[in-house]
Amino acid sequence: MATQELEKLFHDNIDAEIKIEPRDWMPDSYRKTNIRQISQHAHSEIVGMLPEGNWITRAPSLKRKAILIAKVQDEAGHGLYLYSAAETLGISRDQLIHELHSGKAKYSSIFNYPTLTWADMGAIGWLVDGAAIINQVMLCRTSYGPYARAMVRICKEESFHQRQGFQILYELSKGTDAQKAMCQDAINRWWWPSLMMFGPKDADSPHSAQSIKWKIKRKTNDELRQNFVDMIAEQVKVLGMILPDPDLKWNEARKHYDFGEINWDEFWRVVKGDGPCNRQRLQARINAHNEGAWVRAAAKAYAKKRQQEEVVA
Amino acid sequence: MQIKFNKYYYGDIPEDNGGQQSEIKKVPASDGKEEWPLWEVFIRSKQGLDHKHAGSLHAVDAKMAIENARDVYTRRQEGTSIWVVESKNLFASNPADNEMLFDPANNKIYRHPTFYELPDEVKHM
Ligand SMILES: [Fe+2]
Ligand SMILES: [Fe+2]
């Protein structure tokens, strides 16, 4: 088939809500956009393990420790599902990892903020996973088959993440004055960075329109952000806490919450590498990879040796 | 007594050490030769059902592929049996041949039970 025909078939499939599968013809830019987005997403799951991993040894009870380990393990799995989806587009795992480590690929900026108290584990589960879920639920219907299937799997596992986070904060909110203060402090620090997770405003997001045309995304950054604000603004009342935004208020005409302006300077600064822990996070990833090199080599050598023994026997 | 914890792992930082201060050590370039082979994972979700493709992963051999598949794909009772196949051993049809392979064959209506008109006396056939 001529390229023109293939391109028409591709667009017809997109329009008819037929998923694009790995061996189907697709425009180069569709392939590249998916590789960029899926790998960014995979890297976020992996780097996202770091701030929570910090608290596994310091979780306040055995129950909380077990929950946190289970959650961090889930995130590792999410990274794997997504790397696998990206690999179906013709990029190798090694190359994906290399792009993260060399700084070429990005991951979600939220993980460049430090986790200072136990309440941060609550705020991350409730706000950060909460924001991620809004995005991920939309992506269950994305047009590239392997990405959509990975998202369905992830969403199933994700639902306990937000609940366990909220529950941590809920318990703190019923605790001593110090615990209440810790709860409010964590919300104060994580609220704005969580809003930034949805990316730049639609007007400043050049790729968005194309992604929506290709049905990679189904909603714009601003729509998703609004969904998130509406959800959290209600839930925070249950905690008896407040969100650190004096402009936050219900708008009866819009049937949505209005909210204040995000600090976009901070957003771009952290994206470009100057957040509170950008370098440390990346260094932690690189170290883990380098220090694990001998394990990977040994496993490979052992498998080879066993294979040879089988041939002889 | 007040205890202050000062343990920071995995890139979390003490307040006095900002993001800009440390320099990242260079990453060794990867030539892709170290990569473990890719495996496709199939899971039987319960006795009586077919194995279904669940995803893929890298592993040095079949044993490790099954162990990793167990950890990644069946942590919540999603399976009772696992198959793994090294991806290079999996052969797929080409979408370009779809028309030839999967033509609906609408002219062969005799393949469908509704083609055959039977007397009303025949029940349950
Ligand atoms: Fe996740
Ligand atoms: Fe999560």
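Residue numbers start from 1 in every chain, and the chains themselves are labelled A, B, ... in the order their sequence lines are given, proteins ahead of strands. Remember, it's a predicted structure, so these values are computed and weren't measured experimentally.
Of the residues listed (A:N54, A:I56, A:T115), the one engaging A:M121 in a side chain to side chain contact (heavy atoms under 4.5 Å, CB included) is A:T115, and it is the only one.
Salt bridge A:E21/A:R149: present, at least one basic N to carboxylate O contact under 4.0 Å. The pair A:R279-A:D274 meets the salt-bridge criterion, with a side-chain N (NZ, NE, NH1 or NH2) lying under 4.0 Å from an Asp/Glu carboxylate O. The pair B:R75-B:D71 does not count as a salt bridge, with every side-chain nitrogen at least 4.0 angstrom from each carboxylate oxygen. Salt-bridge annotation for A:D12 and A:K8: present, with a side-chain N of the basic residue lying under 4.0 Å from a carboxylate O of the acidic one. The pair A:K19-A:D24 does not count as a salt bridge, with every side-chain nitrogen at least 4.0 angstrom from each carboxylate oxygen.
Both the backbone and the side chain of A:D74 come within contact range of chain B, each with at least one heavy atom under 4.5 Å from a heavy atom of that chain. Using a 4.5 Å cut-off between heavy atoms, A:R285 makes no contact with chain B at all. The part of A:E87 that comes within reach of chain B is its side chain, from C-beta onward, which places non-hydrogen atoms under 4.5 angstrom from that chain.
Taking the side chain as every heavy atom from C-beta outward, A:W190 and A:D120 approach each other to under 4.5 Å.
Around CZ of B:R76, the count of heavy atoms belonging to other residues, nucleotides or ligands within 6.0 Å exceeds 12.
Of all residues in residues 55-63 of chain B, those placing a non-hydrogen atom less than 4.5 angstrom from a non-hydrogen atom of chain A are B:S56, B:L57, B:H58, B:V60, B:D61, B:K63. Listed in order of number, the residues of residues 85-95 of chain B that approach chain A to under 4.5 Å between heavy atoms are B:A92, B:S93, B:N94, B:P95.
Residues A:F10 and A:Y30 place their aromatic rings such that the two centres sit under 6.0 Å apart. Aromatic ring centres of A:Y81 and A:Y147: separated by at least 6.0 Å.
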**Q.** Check against salt bridge (Lys or Arg N to Asp or Glu O under 4.0 Å), A:R153 and A:E157
**A.** CA-CA 7 Å; A:R153 207 173 281 281; A:E157 301 187 353; over 6 Å; no

